[in-house]
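All remarks here apply to the structure that follows.
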Amino acid sequence: MVTFRPSRPGRLADVPSFDRGIGGAESNVACTLALAGHRARWVSRVGADGFGEHLISAIGACGVDVSAVAVDPSRPTGIYFRTAGERAVNSAPPAFEERGPGRSPESATEPTAEVAYYRAGSAASAMAPGNLNPDSLADGEILHLSGITAALSADCLALMRDLTAPRPGRPLVSFDVNYRVHLWADPAQAGPVLLDLARGCDLVFVGEDEAEAAWGITGGPAAIRAALPEPATLVVKQGAQGATVFSGTQATYEPSLKVDVVASVGAGDAFAAGFLSATLRGLTDSERLRHGHLMAAAALLVPGDLGAPPARAEADRLAALPAEAWGTLRLGPDTIKNWAGEVVTT
């Protein structure tokens with residue numbers, strides 16, 4: 001979908017203008033993987049309008065295969081507007097905070113973003129088991145899905161249930177819970193649906209905050225794993241603290257990097273892309289988490305959803321740092337100029 005970012009801080013009612021960009025969990029992951037040197041395909045639907053044309057062009061420019069994107073002649077491309085800040089995981093109204101001088105990223109509390117979705121009746125909401133080419137979904141090593149798709153329509157939910165059903169020869173199915181309370185017509189339905197979908201996948205990403213909001217689970221990563229034992233791999237994101245991956249019953253934790261945050265949007269998708277990149281390369285659990293943190297840092301250092309990932313050799317060097325050096329590493333906006341050339345601005 002197309003995302004519109006505010007030109008300055010404030011409520012949607014007060015922001016005078018917005019910058020257009022590309023957004024959407026799955027396309028963000030695909031773009032980041034392609035920019036990191038992997039073969040990636042985005043399978044979706046867009047409208048026969050300028051926004052759909054922009055998405056196909058911009059996502060394709062990142063190196064993503066967009067040949068399986070269908071153009072719907074009767075439904076529009078989905079769009080959304082958002083203010084700066086953290087995404088909401090409950091139905092509370094957005095909170096705003098002025099950031100004073102001298103506040104460190106560790107002490108500052110990111111305000112909650114105000115988000116306005118315009119996706120009902122969109123081209124993507126018409127995705128269904130019968131209108132996507134199954135070959136375009138089955139010939140990759142990993143099929144990455146998002147809980148956002150399940151919230152768009154009954155047809156999309158049917159598609160998600162079809163794609164997460166066990167079948168011989170399916171690729172590794174990766175699922176980011178991505179609980180977005182405002183997208184669900186009935187928020188009470190979201191928790192059971194997302195949990196059921198997650199149980200059918202091989203690799204699942206979920207935040208501690210999402211697990212509490214959607215499933216009422218507290219008690220940290222171990223409690224989430226106890227409630228979700230089915231996936232071979234479960235990644236529990238613990239915000240600025242770090243992340244824990246469970247491979248079977250084996251738990252591995254890696255702390256997040258210290259980052260001078262420009263904007264928090266897109267970091268979760270970038271983390272998933274970094275973890276999947278390392279998975280494709282057969283790296284260890286610790287390395288997979290660190291590559292996730294590095295990709296997330298790249299997204300945190302730019303205003304939009306997509307940051308330029310580090311070159312593979314640089315990412316491998318940083319991921320191999322001793323624990324003490326990793327723990328003291330701090331990344332700022334100048335970092336990406338040194339590790340990956342120009343920043344992606346689409």
Side-chain angles (χ1 to χ4, degrees), residues 1 23-30 41-47 52 55 68-72 74-80 87-91 115-138 140 142-167 170-207 210-211 213-217 224 227-228 230-231 234 268-269 272:
M1 64 180 172
E26 299 92 341
S27 58
N28 285 344
V29 171
R41 173 184 295 142
W42 181 48
V43 181
S44 188
R45 294 173 67 87
V46 300
L55 283 177
V69 178
V71 178
D72 190 316
S74 59
R75 297 178 180 87
T77 302
I79 63 173
Y80 86 117
R87 60 176 171 77
V89 293
N90 55 45
S91 56
V115 179
Y117 289 103
Y118 298 92
R119 304 188 73 175
S122 68
S125 73
M127 289 189 296
N131 64 13
L132 293 181
N133 181 354
D135 292 338
S136 68
L137 298 169
I142 296 175
L143 172 62
H144 182 68
L145 307 170
S146 165
I148 292 173
T149 303
L152 297 183
S153 68
D155 282 342
C156 283
L157 178 55
L159 173 65
M160 291 291 290
R161 285 177 167 150
D162 182 65
L163 294 177
T164 57
R167 59 169 53 90
R170 78 174 191 180
L172 185 150
V173 178
S174 166
F175 178 66
D176 195 332
V177 170
N178 270 331
Y179 176 52
R180 302 290 186 268
V181 62
H182 298 297
L183 277 178
W184 289 86
D186 180 8
Q189 179 193 25
V193 167
L194 292 171
L195 189 59
D196 183 58
L197 292 173
R199 285 176 170 153
C201 298
D202 304 300
L203 165 59
V204 173
F205 300 92
V206 64
E210 293 175 308
W215 303 329
I217 299 173
I224 298 171
L228 190 54
E230 293 87 355
L234 173 67
D269 300 330

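Side chains are part of it too, since the values below use all heavy atoms of this structure and drop only hydrogens, waters and symmetry mates.
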Return the NE2 to OH distance between His182 and Tyr80, rounded to the nearest 0.5 Å. 12.5 Å

Do the ring planes of Phe205 and His144 sit parallel (below 30°), tilted (30 to 60°) or perpendicular (above 60°)? perpendicular

Reference residue Val173; test side-chain contact (heavy atoms from CB on, under 4.5 Å); the match among Leu197, Leu203, Leu145, Leu163: Leu145

Shortest non-hydrogen pair, Ala123 vs Gly47, comes out as CB-N, 3.6 Å

Salt bridge (charged side-chain N to carboxylate O under 4.0 Å, His left out) filter on Asp202, not counting sequence neighbours, yields Arg170

How would you list all residue pairs meeting side-chain hydrogen bond (donor to acceptor under 3.5 Å, both in side chains) that involve residues 147-158, not counting sequence neighbours? Glu26-Thr149

Quick one: list whatever passes side-chain hydrogen bond (donor to acceptor under 3.5 Å, both in side chains) with Asp162, sequence neighbours left out. Arg167

For Leu195, what residues pass the side chain to side chain contact (heavy atoms under 4.5 Å, CB included) criterion, not counting sequence neighbours? Arg199, Trp215, Leu228

Any residue meeting side-chain hydrogen bond (donor to acceptor under 3.5 Å, both in side chains) with Ser146, in chain and number order, not counting sequence neighbours: Asn178

Which atom of Arg75 lies closest to which atom of Ser122, heavy atoms considered: CD-O, 3.6 Å

Indicate the atoms forming the closest heavy-atom contact of Pro231 with Ala198, along with that distance. CG-O, 3.5 Å

Which residues pass the side chain to side chain contact (heavy atoms under 4.5 Å, CB included) test with Ala185, sequence neighbours left out? none

My understanding is that only residues two or more places apart in sequence, or in another chain, count here; which of them pass side-chain hydrogen bond (donor to acceptor under 3.5 Å, both in side chains) with Asn28? Asp269, Asp305

Check against side-chain contact (heavy atoms from CB on, under 4.5 Å), Asp72 and Val46: CA-CA 6 Å; Asp72 190 316; Val46 300; over 6 Å; no

Nearest heavy-atom pair of Ala124 and Cys156: which atoms, and what distance? O-SG, 3.3 Å

If a pair satisfies salt bridge (Lys or Arg N to Asp or Glu O under 4.0 Å) and one of its residues is in residues 115-127, list it, with sequence neighbours excluded. none

CA sep, side-chain torsions, deciding dist, call: Asn131, Arg45, side-chain contact (heavy atoms from CB on, under 4.5 Å): CA-CA 10 Å; Asn131 64 13; Arg45 294 173 67 87; 3.8 Å; yes

Please list, chain by chain and in numerical order, all residues satisfying side-chain hydrogen bond (donor to acceptor under 3.5 Å, both in side chains) with Arg161, sequence neighbours excluded. none

Distance (rounded to the nearest 0.5 Å) between Ile148 CD1 and Tyr117 OH: 5.5 Å

With sequence neighbours left out, write down each residue that passes side chain to side chain contact (heavy atoms under 4.5 Å, CB included) with Asp186, or none if nothing qualifies. Ala188, Gln189

So, for Trp184 and Ala151, which heavy atoms are closest and what is the spacing to 0.1 Å? CE2-CB, 3.4 Å

Shortest non-hydrogen contact between Ala68 and Arg41, atoms and distance: CB-CD, 4.1 Å

Taking atom types as modelled, find out whether Asp176 and Ser174 have a side-chain donor-acceptor pair closer than 3.5 angstrom. no

Return the set of residues passing side chain to side chain contact (heavy atoms under 4.5 Å, CB included) with Pro76 (not counting sequence neighbours), or none when no residue passes. Asp49

Set out, in order, the CA-CA distance, both residues' side-chain angles and the distance that settles side-chain contact (heavy atoms from CB on, under 4.5 Å) for Leu194 and Phe175, then state yes or no. CA-CA 10 Å; Leu194 292 171; Phe175 178 66; 4.0 Å; yes

